[in-house]
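Here is how names work: the chains are called A, B, and so on, in the same order as the sequence lines, proteins then strands, and each is numbered from 1. Note that these values count all heavy atoms, side chains included, but never hydrogens, waters or copies made by symmetry.
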Amino acid sequence: MTGHRSELLRELHARGFVHQCTDEAAFDEATATGAITGYIGFDCTAQSLHVGNLVSIMLLRTLQRFGHRPVALVGGGTTLVGDPSGKDELRKMQTRESLEANKAGIRASLARFLEFGAGKATMVDNADWLLELGYMDFLREYGRHFTINRMLTFDSVRLRLEREQPLTFLEFNYMLLQAYDFLELSRRLGVRLQMGGSDQWGNIVNGVELGRRVDNVQLFGLTTPLITTASGEKMGKSAGNAVWLNDAMLAPFDYWQFWRNTEDRDVGRFLKLYTELPLDEIARLEKLEGAELNEAKAILATEATALCHGRAAAEQARAQAQGVFGGGDRASLPVVELPAAELAEQVPLPDLFRLAGLAASNGEARRLIQGGGARLDDQTVADPQGTVARALLEQGVKLSAGKKRHVLARLAG
RNA sequence: GGAGGGGUGGCCGAGUGGUCAAUGGCAGCAGACUGUAAAUCUGCCGGCGUCAGCCUACGUUGGUUCAAAUCCAACCCCCUCCA
């Protein structure tokens with residue numbers, strides 16, 4: 001390990017959380033000798049956080065694990081503006097109502113990973129101070145500390161300008177607001193550290209500098225690397241959809257499956273970032289090769305799911321996967337109830353697959369069948385004009401679309 | 001306000017009177033190979049359908065035409081340059 005004195009910093013480095021850090025020596029000193037309060041901001045754009053936010057969440061969790069104090073900030077105020085970082089387009093502005101709903105969902109996501117309470121983790125909303133900010137006061141007190149010259153050099157702005165994409169004044173101000181958040185949090189809660197993805201570096205540094213200039217406090221910034229899969233995909237998408245943390249938006253089983261399908265080359269890295277298994281255990285697991293690596297993937301999936309949905313749900317998901325992929329255990333299949341009223345005596349196969357949720361339309365179901373991807377009780381059904389006797393559905397039949405999607409369909413009842 | 005360019009399927013992007021449900025790429029789905037991986041190869045990829053065909057689609061609304069994504073008019077939106 002590196003020569004850090006602080007246990008926290010050693011752990012973060014060992015697990016691959018650190019991309020850049022401001023004044024690392026002083027930060028090492030500060031975290032070695034006492035507890036520090038650190039925060040990360042989360043967008044308020046959806047009703048749940050997703051796997052793309054997970055590195056940040058794990059970072060907060062690690063902070064707490066090592067006796068420091070995590071603060072999660074939801075950007076109720078800044079979401080009204082929109083972060084320009086890395087984006088070419090103006091983000092949609094939200095209504096106040098949807099913001100409140102999103103906040104509640106985000107708190108639910110975080111509550112699984114962090115222990116909230118007095119002296120523990122806290123959640124704050126920057127709307128609490130940003131909304132009452134007076135424009136004139138803000139310009140006079142803080143605006144004078146930012147030069148346009150410097151702001152233009154930050155990647156988030158520079159890249160946007162280089163690509164000749166419009167950057168509105170609204171978005172341009174995002175940096176100032178985020179810098180001000182940091183200052184405000186240092187005053188309100190004694191926060192000394194801001195963390196975030198590497199794309200946040202400029203915003204974070206602005207905050208650090210503002211703290212020094214205005215309040216003469218030393219603040220720290222730490223960023224994580226941008227996590228992508230080995231094949232270069234952005235982390236946290238599955239079939240083009242976000243992998244949500246809230247179980248209302250993604251079932252624990254599907255969450256488990258997401259991790260189980262990790263690419264070989266990512267297993268070790270993800271075990272370090274997304275589980276809390278001891279590093280020597282991880283070292284053993286990532287050495288496995290070929291089919292044996294599947295064991296490591298199952299462990300990754302179970303550990304990651306346990307953190308997010310609890311140990312019981314994780315074990316259940318693992319057992320369910322064992323049933324679906326390992327044996328032919330019908331009991332573990334998700335059950336889909338078919339509306340009896342809509343079914344004739346002989347049910348056409350495309351209708352059956354559509355009603356079971358395995359195809360979006362009859363056409364899609366037909367193509368699935370024609371392509372040889374549809375199975376009924378593990379027998380391939382290749383005739384799109386085939387039917388199934390309704391009586392057979394009384395007991396339930398196993399329907400499969402491809403190798404990974406299986407359900408037990410039976411008449412509702 | 002003036003001049004010019006542009007708005008095409010989830011995204012990017014061809015097409016500029018019929019052969020266009022619309023080339024190509026990406027994404028997605030399925031098959032083969034495997035290890036519920038990656039890479040590769042193959043098929044599918046608007047909806048409905050007894051695959052004959054029908055319906056809805058190329059910013060919006062009208063029009064010309066036997067026939068329009070393609071021509072005309074008005075309108076809306078975006079971009080560039082000029083004021």
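Side-chain contact of A:E24 with A:H4: a donor-acceptor pair under 3.5 Å is present, judged by distance alone.
Note on A:A359: nothing from the nucleic acid sits closer than 4.0 angstrom, heavy atoms only.
Atom name P, nucleotides B:rU23 and B:rG46: the rounded distance is 10 Å, in whole Å. With both ends at atom P, the span from B:rA21 to B:rC45 equals 15 Å, rounded to whole Å. Rounded to whole Å, the C1' atom of B:rG6 lies 15 Å from the corresponding atom of B:rU70. B:rC54 sits 42 Å from B:rA39 when the P atoms are compared, rounded to a whole Å. B:rA73 and B:rG5 are spaced 13 Å apart, taking the P atom of each and rounding to whole Å. Taking atom C1' in both B:rU40 and B:rC48, one finds a spacing of 36 Å when rounded to whole Å. The same atom, C1', is picked in B:rA32 and in B:rG49; the two are 30 Å apart, to the nearest Å. Between the P atoms of B:rU42 and B:rG24, the separation comes to 14 Å (whole Å).
In this structure, A:E289 places its CD atom where only 12 or fewer heavy-atom neighbours from other residues, nucleotides or ligands lie under 6.0 Å away.
As rounded to whole Å, 11 Å separates atom C1' of B:rU34 from atom NZ of A:K297. In this structure, the CG atom of A:D254 is 13 Å from the C1' atom of B:rU36, given to the nearest Å. Atom NZ of A:K404 is separated from atom P of B:rG35 by 14 Å (rounded to the nearest Å). Between A:L349 atom CG and B:rA30 atom C1' the separation is 16 Å, expressed in whole Å. The interatomic distance linking A:K403 (NZ) with B:rG31 (C1') rounds to 8 Å, in whole Å. Counting to the nearest Å, the C1' atom of B:rU36 and the CZ atom of A:R405 are 14 Å from each other.
The salt bridge (charged side-chain N to carboxylate O under 4.0 Å, His left out) test applied to A:R65 returns A:E11, A:E276, not counting sequence neighbours. Applying the salt bridge (charged side-chain N to carboxylate O under 4.0 Å, His left out) rule to A:E7 yields no partners; only residues at least two apart in sequence or on another chain are considered. Residues that satisfy the ring pair (Phe, Tyr, Trp, His ring centres under 6.0 Å) test with A:H68, not counting sequence neighbours, are absent from this structure. A:Y142 is linked by a ring pair (Phe, Tyr, Trp, His ring centres under 6.0 Å) to A:F138, A:Y180, counting only residues two or more places apart in sequence or in another chain. A:Q64 meets the side-chain contact (heavy atoms from CB on, under 4.5 Å) test with A:P70, A:L114, A:E115, A:K120, A:A121; sequence neighbours excluded. When the ring pair (Phe, Tyr, Trp, His ring centres under 6.0 Å) test is applied to A:W256, no partner is found at least two apart in sequence or on another chain.
The pair A:R284-A:E281 counts as a salt bridge, with a side-chain nitrogen and a carboxylate oxygen less than 4.0 angstrom apart.
Listed by first then second residue, pairs satisfying side-chain hydrogen bond (donor to acceptor under 3.5 Å, both in side chains) with a partner in residues 355-371 of chain A read A:D351-A:N362, A:R354-A:N362, not counting sequence neighbours. Every pair tested for ring-ring contact (aromatic ring centres under 6.0 Å, His included) that includes a residue from residues 191-214 of chain A fails, sequence neighbours excluded, so the list is empty.
Contact between A:D266 and A:R269 at its shortest, heavy atoms only, is OD1-NH2, 2.8 Å. Nearest heavy atoms, A:S400 versus A:F353: O-CE2, 3.5 Å.
In this structure, A:Q194 and A:I204 have side chains that are in contact, with non-hydrogen atoms separated by less than 4.5 Å.
Using modelled atom types, one side-chain atom of A:R61 and one backbone atom of A:F113 make a donor-acceptor pair closer than 3.5 Å.
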Subject >> Letter per nucleotide, 5' to 3', of nucleotides 39-51 of chain B [B base touched, S only sugar-phosphate touched, - untouched; heavy atoms, 4.0 Å] >> reply: -----SS-SSBSB

Original post:
Just the dot-bracket of RNA chain B, please: which string comes out with Watson-Crick or G-U pairs under 3.5 Å, [ ] for crossing, | for another strand?
Top reply: ((((((((.[[[..)..(.....]]].(((((.......))))).(((....)))...[[[[[..)....]]]]]))))))).

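When the nearest nucleotides of RNA chain B are assigned to A:N294 and A:R375 by heavy-atom distance, the more 5′-ward of the two goes with A:R375.
At a non-hydrogen distance threshold of 4.0 Å, A:Q257, A:R260, A:N261, A:T262, A:E263, A:D264 from residues 257-264 of chain A come into contact with RNA chain B. Residues from residues 283-293 of chain A placing a heavy atom under 4.0 Å of any atom in RNA chain B, listed by number, are A:G290, A:A291.
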